[in-house]
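Before any comments, here is the structure.
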There are 4 protein chains.
Amino acid sequence: MRLTAPALFFNDCLVSHKESPMEAPTPRRRRKDARPAELLDAALDTFREKGFAATRMEDIAARAGVSKGTIYLYYPSKEAVFEALVRANLVPRIERIQALMATAQGPATERLHMMITAFAQVAADARLVALPKLVLAEAGNFPDLARFYRHEVIGRGLAIVAGILRGGMESGEFRALDPEVTARLFMAPMILAALWRTTFAPIEDAPLPPETLLRQHLDLFLRGLRPEPAS
Amino acid sequence: MRLTAPALFFNDCLVSHKESPMEAPTPRRRRKDARPAELLDAALDTFREKGFAATRMEDIAARAGVSKGTIYLYYPSKEAVFEALVRANLVPRIERIQALMATAQGPATERLHMMITAFAQVAADARLVALPKLVLAEAGNFPDLARFYRHEVIGRGLAIVAGILRGGMESGEFRALDPEVTARLFMAPMILAALWRTTFAPIEDAPLPPETLLRQHLDLFLRGLRPEPAS
Amino acid sequence: MRLTAPALFFNDCLVSHKESPMEAPTPRRRRKDARPAELLDAALDTFREKGFAATRMEDIAARAGVSKGTIYLYYPSKEAVFEALVRANLVPRIERIQALMATAQGPATERLHMMITAFAQVAADARLVALPKLVLAEAGNFPDLARFYRHEVIGRGLAIVAGILRGGMESGEFRALDPEVTARLFMAPMILAALWRTTFAPIEDAPLPPETLLRQHLDLFLRGLRPEPAS
Amino acid sequence: MRLTAPALFFNDCLVSHKESPMEAPTPRRRRKDARPAELLDAALDTFREKGFAATRMEDIAARAGVSKGTIYLYYPSKEAVFEALVRANLVPRIERIQALMATAQGPATERLHMMITAFAQVAADARLVALPKLVLAEAGNFPDLARFYRHEVIGRGLAIVAGILRGGMESGEFRALDPEVTARLFMAPMILAALWRTTFAPIEDAPLPPETLLRQHLDLFLRGLRPEPAS
DNA sequence: GATGAATGAGCCTTCATTCAT
DNA sequence: GATGAATGAAGGCTCATTCAT
């Protein structure tokens, strides 16, 4: 089985500002365009460290190297910063995975492997995994955001996996199970590993390497999916 | 396979007040003894709804039917309320599961089933599952509490499952794997289902019944653990 | 010059409870009679340590060995405790000095000496000298008390000294000066030494013994009062 | 004896803001520079009226014409306001007296006279004399401040007087005494007069003019210091 | 656009006072 | 009389937000 690690998968900066190559922006112009992304970048780091409530606008501003008032030129409130942060960072990721999987052609087993690899890379990015935890923690105070996250991020992720599973079941590679349920079970250890890392990393004595966990997960899971021997 | 659902397992009230039958407490006295539990009860509900930071002491007090100052007769700060809440509610649960599992004698497969059943009951209690999520969300601000939770709750739970798995591997019921890693993989869907419920329940259109998920998890997992046929 | 140190002058407890020898009080009865004095005693110590504002009724109660509510059986408010404390402790002192001086018969010089000795004993009692400082600090918030203190304590003290001085001037022992002004000048170092002790004692490296100060004060002052030589 | 009243001695405003003539500050900027001084000014008046504990930050703010929060832009706490107030106002005064006395050349008697005159001017400023009383009253709660005041204000003042006295003793102008002790005795009536004024002024029927007191003090004191006639 | 001084609503916490027992 | 649980007004402090420069 070839493990096509999508090498360039998640190595761009968190908040991408797509500068069109047509224009030649003056420094001033570029600065202005980059501002929102810089602010979200600073916001993410601060939210990660302190949580949403304990983060002060001044902290974000200081980290972004601007003054407090500047944030309000781009975002009308602290809540809006948070929402923009989550919206801007997660959908592009999931869309790339979608695109990758749409073109992938191998057997379902290999494609599940790719999913795990892709996910492992996301989970390896401490800044990125902080977002789900923030959403989790603040879902009660941001119902819109929770809905957005549920549908645009989790929903898409599960759909991808369910699609792979369905393909494998139809081709006889896997035994027949409910693909939706199975997709959740497939994702669970990965999501939890990511949350775990974010939450207990600073206090863990002997952290379990995520690769070990995910490799064994795939092993167990694929065996569990194996069709019954035709006795 | 007999599913011994531990029927009386988690049906007591969250914070139990053990009134000694020896004394004949005046109403005043009885009230005082019950206060801490009433306050924690109110605090849990409020934290659940709003999260730690957004909860005002006055909210807790109002829900408990007392005035703001009364809380400070029993807990020195909002942080202390939170810590007491987590400490008081989680350890007793896990200890009961420990005790149950220590005496259980059946095959490892059945004992895993019991674990899932026990856990499903905990997860069915919406108030109870709010606690792990709160810990998750606030771990950064409460390192001591995170450590406590990691060791006294998660550590114990994993140890129980790892023990069952190790027993099954030694008896040849399961194939040989790292029990620690496998224990994490066994717990992952359950924990995530609990967090899920807490986070997305209010916005979910067609929630997946936890029983469905857990039943299939056990099915997949046990197949994955099955020893290689000695072809 | 004989220094009649009034040995028994200030050695009683601060708040005297005058038990009539006629009755034979039951312990209960005695306790009840003693309560106000005990409370004031405790209040004085606590005010001394923390000042009026920073003293909590509970501190006073704890030191007196009673519960918070008990204080309110005897004094209607914290202010009332303070006022009672000042009123109860200062007038008896000054009255004794008054009585002593009324019967003293020696030359004015010796009587001034007695005043200083008497005052030195008061100033040696750290608990007692705390009262003037408290009055000073709180005078703005207790105008009635300030007036009381000014007239009943300071006024009487000055009158005694002025009387001695006037006697000395009339007898030719001292030269003629305004007795009121001179009385103030005579008292100033003593009062200041007392305040000093209360304020800077905990931070002073090499405190000046009050006796040294007062001895030299008397020396300087008496020379200053000496009549002009009838050249 | 020429009484060189240092006419310009203490007639500046309490908190001076030195605006550099080089810059052309915007109104906004000028305001910001002036703020700390304005706040301390308002704080002094409020502390004078109510004492430290009974003064609310809002009182200070209102008197300074700003909002509560503004104070915290300049001082981190109420304690810090108090400390800044004392530190900013007393040291400059004492330094000026030091400078004046360092250059004074007359006989010791005349220099003592100058000290009294200088002190009388300070004592005539009701706002200024409130500070020692505040320090006295709050010393227990501000040990650092008490130490500062003891060393930087009182210590310097006593050193100046002791130096004058020592000079007079060496030149034979005064008889030989311990200069440290004598300095305290020289200062006592002045300090007490200042405290007196602050404390009992509002309730005094017939206040004694400080000049009367100080003139007679000097008279008595200088006679007391006079060398023995060589019989 | 950017700044940062200023605002003021809001919250945690304290504690004098009350009153049922 | 004595208790101490309960109250709730008050105040120190924070910080999201505004706006004059």
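Protein chains get the first letters and strands the later ones, always in sequence-line order, with residue 1 at the start of each.
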Review point. Given the side-chain rings of C:Phe142 and C:Phe52, with only the six-membered ring counted for Trp, is the space between their centroids under 6.0 Å?
Key: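 Yes; C:Phe52 has its ring centre under 6.0 Å from that of C:Phe142.
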What is the separation between atom [atom1] on [X] and atom [atom2] on [N], rounded to the nearest whole Å?
{"X": "B:Arg35", "N": "F:dA5", "atom1": "CZ", "atom2": "C1'", "answer": "8 Å"}
{"X": "D:Lys68", "N": "E:dA9", "atom1": "NZ", "atom2": "P", "answer": "9 Å"}
{"X": "C:Ile71", "N": "E:dC19", "atom1": "CD1", "atom2": "P", "answer": "18 Å"}
{"X": "B:Leu39", "N": "F:dA5", "atom1": "CG", "atom2": "P", "answer": "13 Å"}

Exercise for review: Name all residues meeting the salt bridge (charged side-chain N to carboxylate O under 4.0 Å, His left out) criterion together with C:Lys68; count only those two or more places apart in sequence or in a different chain, and write none if there are none.
Suggested key: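 Checked C:Lys68 against salt bridge (charged side-chain N to carboxylate O under 4.0 Å, His left out); matches are C:Glu58.
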Exercise for review: Could you list the residues that satisfy salt bridge (charged side-chain N to carboxylate O under 4.0 Å, His left out) with B:Glu79, not counting sequence neighbours?
Suggested key: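 In terms of salt bridge (charged side-chain N to carboxylate O under 4.0 Å, His left out), with neighbours along the sequence ignored, B:Glu79 is linked to no residue.
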**Study point:** Pairing stems for DNA chain F [at least three consecutive pairs; Watson-Crick or G-U; under 3.5 angstrom]
**Key:**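 Stems for DNA chain F, defined as runs of 3 or more consecutive pairs: E:2-21 with F:2-21.
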Point to revise | Approximate separation, where rounding is to 0.5 Å, of D:Tyr149 OH and D:Leu134 CG | key: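 That separation rounds to 10.0 Å.
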Review point. Can you tell me how far CE of A:Met57 sits from CG of A:Leu39, rounded to the nearest 0.5 angstrom?
Key: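 Interatomic distance, A:Leu39 CG to A:Met57 CE, rounded to 0.5 Å: 9.0 Å.
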Check your understanding: Of the non-hydrogen atoms in D:Tyr75 and D:Ala84, which two are nearest, and what is the gap between them?
Key ->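 What the structure gives for the nearest pair is CE2-CB, 3.6 Å.
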Practice item. Identify the two heavy atoms, one from D:Ala43 and one from D:Val81, that lie closest to each other, and give their separation to 0.1 Å. Key: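 Smallest heavy-atom distance, with atoms named: CB-CG1, 3.6 Å.
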Review point. Which residues within residues 133-142 of chain C lie with some heavy atom under 4.0 Å of an atom in DNA chain F?
Key: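 DNA chain F contact set from residues 133-142 of chain C: none.
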Check your understanding: With distance as the sole test, does D:Asp59 use its side chain to make a donor-acceptor pair with the main-chain N or O of D:Arg56 at under 3.5 Å?
Key ->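 Confirmed, D:Asp59 side chain pairs with D:Arg56 backbone.
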Point to revise | Non-neighbouring partners of C:Ala62 that pass side-chain contact (heavy atoms from CB on, under 4.5 Å), sequence neighbours left out | key: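 For C:Ala62 there are no side-chain contact (heavy atoms from CB on, under 4.5 Å) partners, ignoring immediate neighbours.
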Check your understanding: Within less than 4.0 Å of OP1 or OP2 of F:dA2, is there a side-chain N or O belonging to C:Thr70?
Key ->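 For C:Thr70, the contact criterion (side-chain N or O under 4.0 Å from OP1 or OP2 of F:dA2) is not met.
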Review point. Is the shortest side-chain N/O distance from A:Ser67 to OP1 or OP2 of E:dA2 below 4.0 Å?
Key: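 A:Ser67 to E:dA2 OP1/OP2: no side-chain N or O under 4.0 Å.
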How would you list, by chain and number, every residue that makes a side-chain hydrogen bond (donor to acceptor under 3.5 Å, both in side chains) with [X], sequence neighbours excluded?
{"X": "A:Arg63", "value": "A:Thr46, A:Glu49"}
{"X": "A:Thr55", "value": "none"}
{"X": "D:Ser77", "value": "none"}
{"X": "C:Asp45", "value": "C:Arg127"}

Exercise for review: Using heavy atoms to find the nearest nucleotide of DNA chain F for D:Gly69 and B:Val66 separately, return the residue whose nucleotide is more 5′.
Suggested key: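 Result: B:Val66.
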Exercise for review: For DNA chain E, find the residues of residues 49-63 of chain C with a heavy-atom distance under 4.0 Å and give them by number; none if there aren't any.
Suggested key: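 The stretch gives C:Thr55, C:Arg56, C:Met57 as the residues lying under 4.0 Å from the strand, ordered by number.
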Practice item. Mind running a 4.0 Å heavy-atom check of residues 74-83 of chain B against DNA chain E and sending the residues that fall below it, in number order? Key: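 Residues of residues 74-83 of chain B that come under 4.0 Å of DNA chain E are, in numerical order, B:Ser77, B:Lys78.
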Review point. Could you give all pairs that pass the salt bridge (charged side-chain N to carboxylate O under 4.0 Å, His left out) test and reach residues 130-145 of chain A, with sequence neighbours left out?
Key: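 Qualifying pairs: A:Asp144-A:Arg147.
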Exercise for review: Choose from E:dT7, F:dT14, F:dA2 the nucleotide whose nearest atom is closest to any side-chain atom of D:Tyr72.
Suggested key: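 Closest nucleotide among those given: F:dT14.
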Practice item. Go through E:dA5, F:dA2, F:dA6 for me and flag the one nearest to the B:Leu73 side chain. Key: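 Between E:dA5, F:dA2, F:dA6, the one nearest the side chain of B:Leu73 would be F:dA6.
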